[in-house]
Amino acid sequence: KATVGIIDASWIALQKKVLLETIMEEEYQRGSEDFSSLIHDFVLKDDQSIKTAILEISQKLDLLYDKESYLDHYIMNKYQPEQITQDVKQYQSLLFQHRDEIATLLLELSGYVTAEYEQKMRDCLSSLLTSDTYDKLKLALDLRLPNLPRGSEEEAKQIKSLLAAQIKELKQLCHYQDEAEIKTGIMLTKPYATALVRIIQTLDQRLTSLKQQFDLYEFTDIAKLAIKLVTDYPDVQAELRTSFHEILVDEYQDTSDLQEMFITAISNHNIYMVGDIKQSIYRFRNANPDIFKQKYNAYREHQDGKKIDLNKNFRSRNTVLEDINQIFNRIMDDKVGGAMYQKYHQLVF
């Protein structure tokens, strides 16, 4: 009877390093232009940092069910003009988030300063806060915040300090001269990416041969084998789908993408999930709380499921719950904590 063994984590980690060492030596001997560019531009004393990065990238990509296909098409997809334009838009979206946080801080500052000083700040930040392109944003960052009046409240000083820090961070992010240079910068990474993809693909091929030789696998390998079984063999999938009356998943906020794929493959509109995105603490174990978040939002709109909020509290006094709600109403939102606490997550006595 065939069995599947689990690889010892320290053993496979060592084997990956040994295999990568051999692959890198082969690359040095081959001396391809893309690999030479990678080493020339990123190596100072030795190539240890490159090797560490390759192993980390490969491990992250292991979480993709279609890692092989993803790598096969990565260069072709990533460096298409349309994709580059999309990447630039995402980058700009990140910058505009910082711009919006500056606007929020300015609004908060207005409660602690005179109307005259508030107007000075608004005049100073006007171009920045109305910027709608990278080029305008870059140009508007050439500014100097007006000094607070003497005797200003401590809260005003703290908010202004946060505001100055946001502007400094935004300046660091806007290190390209203009949008055209961003696109050029992305294209310049193509030789590096080509070399990295090739090395990771070679490493995967040799790792697979080694695992098959000893009939030993990592947990992600077993998860992928399970998914492959139910997706490549419809009769197996159909049997599993009709075998379970109900599938119950606890701590759903800590579900990984691979787990979600498997659960979806064997389900038949019969999943009952319990979770709380505010308790998501296992990202380091590859949990993806966005899976929970997307379904929570969809079910709230009665799309593909039903949401039941378990927010009624029977163990605490009302004063305790009021204090908790007051705190989290202020500090937790969609970006911090992943939950619109004030709107959807308040505890009810």
Distance-minimising heavy-atom pair for Lys228 and Tyr65: CA-OH, 3.3 Å
Backbone N/O of Leu128 and side chain of Arg99: donor-acceptor pair under 3.5 Å: no
Criterion side chain to side chain contact (heavy atoms under 4.5 Å, CB included) on Leu240 and Val230, from CA distance to verdict: CA-CA 8 Å; Leu240 286 172; Val230 294; 3.5 Å; yes
Over 12 foreign heavy atoms within 6.0 Å of OH, Tyr282: no
From CD1 (Ile102) to CG (Leu170), nearest 0.5 Å: 5.0 Å
Residue pair His73 / Asn77, side-chain heavy-atom distance below 4.5 Å: yes
Flag side-chain contact, heavy atom, 4.5 Å: Leu137 against Phe96: yes
Shared hydrophobic cluster, Ile57 / Leu71 (ILVMFWY, side-chain heavy atoms < 4.5 Å): yes
Ring geometry between Tyr74 and Tyr79 (parallel below 30°, tilted from 30 to 60°, perpendicular above 60°): perpendicular
Other residues, nucleotides, ligands: >12 heavy atoms within 6.0 Å of Lys278 NZ: yes
ILVMFWY network linking Met24 to Val43, side-chain heavy atoms under 4.5 angstrom: yes
Gln59 atom CD, over 12 foreign heavy atoms within 6.0 Å: no
Under 3.5 Å donor-acceptor, Thr104 side chain and Asp100 backbone: yes
Distance (rounded to the nearest 0.5 Å) between Glu108 CD and Lys160 NZ: 15.5 Å
Side-chain donor or acceptor of Ser152 paired with backbone N/O of Pro149 under 3.5 Å: yes
Under 3.5 Å: donor-acceptor pair, side chain of Thr208, backbone of Asp204: yes
Flag if over 12 foreign heavy atoms under 6.0 Å of CD, Glu26: yes
Side-chain donor-acceptor pair present, Gln294, Tyr299, cut-off under 3.5 Å: no
Any donor-acceptor N or O pair under 3.5 Å, side chains Tyr112, Lys157: no
Donor-acceptor side-chain pairing of Asp8 and Ser10 below 3.5 angstrom: yes
Close side-chain approach of Gln346 to Ile324, heavy-atom, < 4.5 Å: no
Spatial distance of atom CG (Leu207) from atom CD1 (Ile12) [nearest 0.5 Å]: 5.0 Å
Single-linkage hydrophobic cluster, 4.5 Å side-chain cutoff, Tyr217 and Leu63 together: no
Salt bridge present between Glu218 and Lys16 (N-O < 4.0 angstrom): yes
Aromatic ring pairing Tyr344/Tyr296, orientation class (parallel under 30°, perpendicular over 60°, tilted between): perpendicular
Check ion pair Lys307-Asp309 (N to O, under 4.0 angstrom): yes
Electrostatic pair Glu179-Lys138, nearest N-O below 4.0 angstrom: no
Over all atoms of both residues, closest heavy-atom pair of Gly337 and Met332: CA-CG, 4.2 Å
Over 12 foreign heavy atoms within 6.0 Å of CD, Glu246: yes
Minimal non-hydrogen separation, Ala140 against Ser127, with atom names: CB-C, 3.7 Å
Arg206 and Thr22: side chain donor to acceptor below 3.5 Å: no
Stepwise side chain to side chain contact (heavy atoms under 4.5 Å, CB included) check, Ser36 with Glu33: CA-CA 5 Å; Ser36 298; Glu33 188 176 343; 5.7 Å; no
Other residues, nucleotides, ligands: >12 heavy atoms within 6.0 Å of Tyr134 OH: yes
Residues Arg122, Glu118: salt bridge by 4.0 Å N-O rule: yes
Exam field: side chain Glu181 to backbone Gln177, donor-acceptor pair closer than 3.5 Å: yes
Distance, nearest 0.5 Å, that separates OG1 of Thr52 from NZ of Lys17: 7.5 Å
Exercise: do Glu251 and Gln253 side chains pair donor with acceptor under 3.5 Å: yes
Lys183 and Asp87 ion-paired at < 4.0 Å: no
Straight-line distance of Leu141 CG to Lys168 NZ, nearest 0.5 Å: 14.0 Å
Heavy-atom check, side chain of Ile222 versus side chain of Ile6, under 4.5 Å: yes
Flag, side chain of Lys224 to backbone of Asp62, donor-acceptor distance under 3.5 Å: yes
Side chain to side chain contact (heavy atoms under 4.5 Å, CB included) between Asp41 and Tyr192, intermediate numbers included: CA-CA 9 Å; Asp41 294 345; Tyr192 313 137; 2.4 Å; yes
Main-chain N/O of Met273 paired to Asp250 side chain as donor or acceptor, under 3.5 Å: no
Under 3.5 Å donor-acceptor, Ser58 side chain and Ile54 backbone: no
Arg198 side chain near Asp34 side chain, heavy-atom distance below 4.5 Å: yes
Donor on one side chain, acceptor on other, Asn318 and Glu322, under 3.5 Å: yes
Name of the residue among Asp334, Ile327, Leu347, Ile331 meeting side-chain contact (heavy atoms from CB on, under 4.5 Å) with Tyr341: Leu347
Side chain proximity check, Leu55 to Leu203, heavy atoms < 4.5 angstrom: yes
CG (Asp46) with more than 12 external heavy atoms under 6.0 Å: yes
Any Ile23 side-chain heavy atom under 4.5 Å of Glu25 side chain: no
Lys171 atom NZ: more than 12 heavy-atom contacts under 6.0 Å: yes
Presence of salt bridge, Asp254 and Arg283, under 4.0 angstrom: no
Any side-chain heavy-atom pair of Leu258 and Ile227 under 4.5 Å: yes
Salt bridge flag under 4.0 Å for residues Lys51 and Glu56: no
NZ or CZ of Arg30 within 45° of Phe35 ring axis and under 6.0 Å: no
Under 3.5 Å side-chain donor-acceptor pair for Asp72 and Gln201: yes
CD on Gln83 to CE on Met76, rounded to 0.5 Å: 11.5 Å
Tyr28 versus Asp47, side-chain donor and acceptor atoms under 3.5 Å: yes
Short side-chain to backbone donor-acceptor contact, Arg241 and Ile266, under 3.5 Å: no
Donor-acceptor under 3.5 Å (Ser267 side chain, Asn270 main chain): no
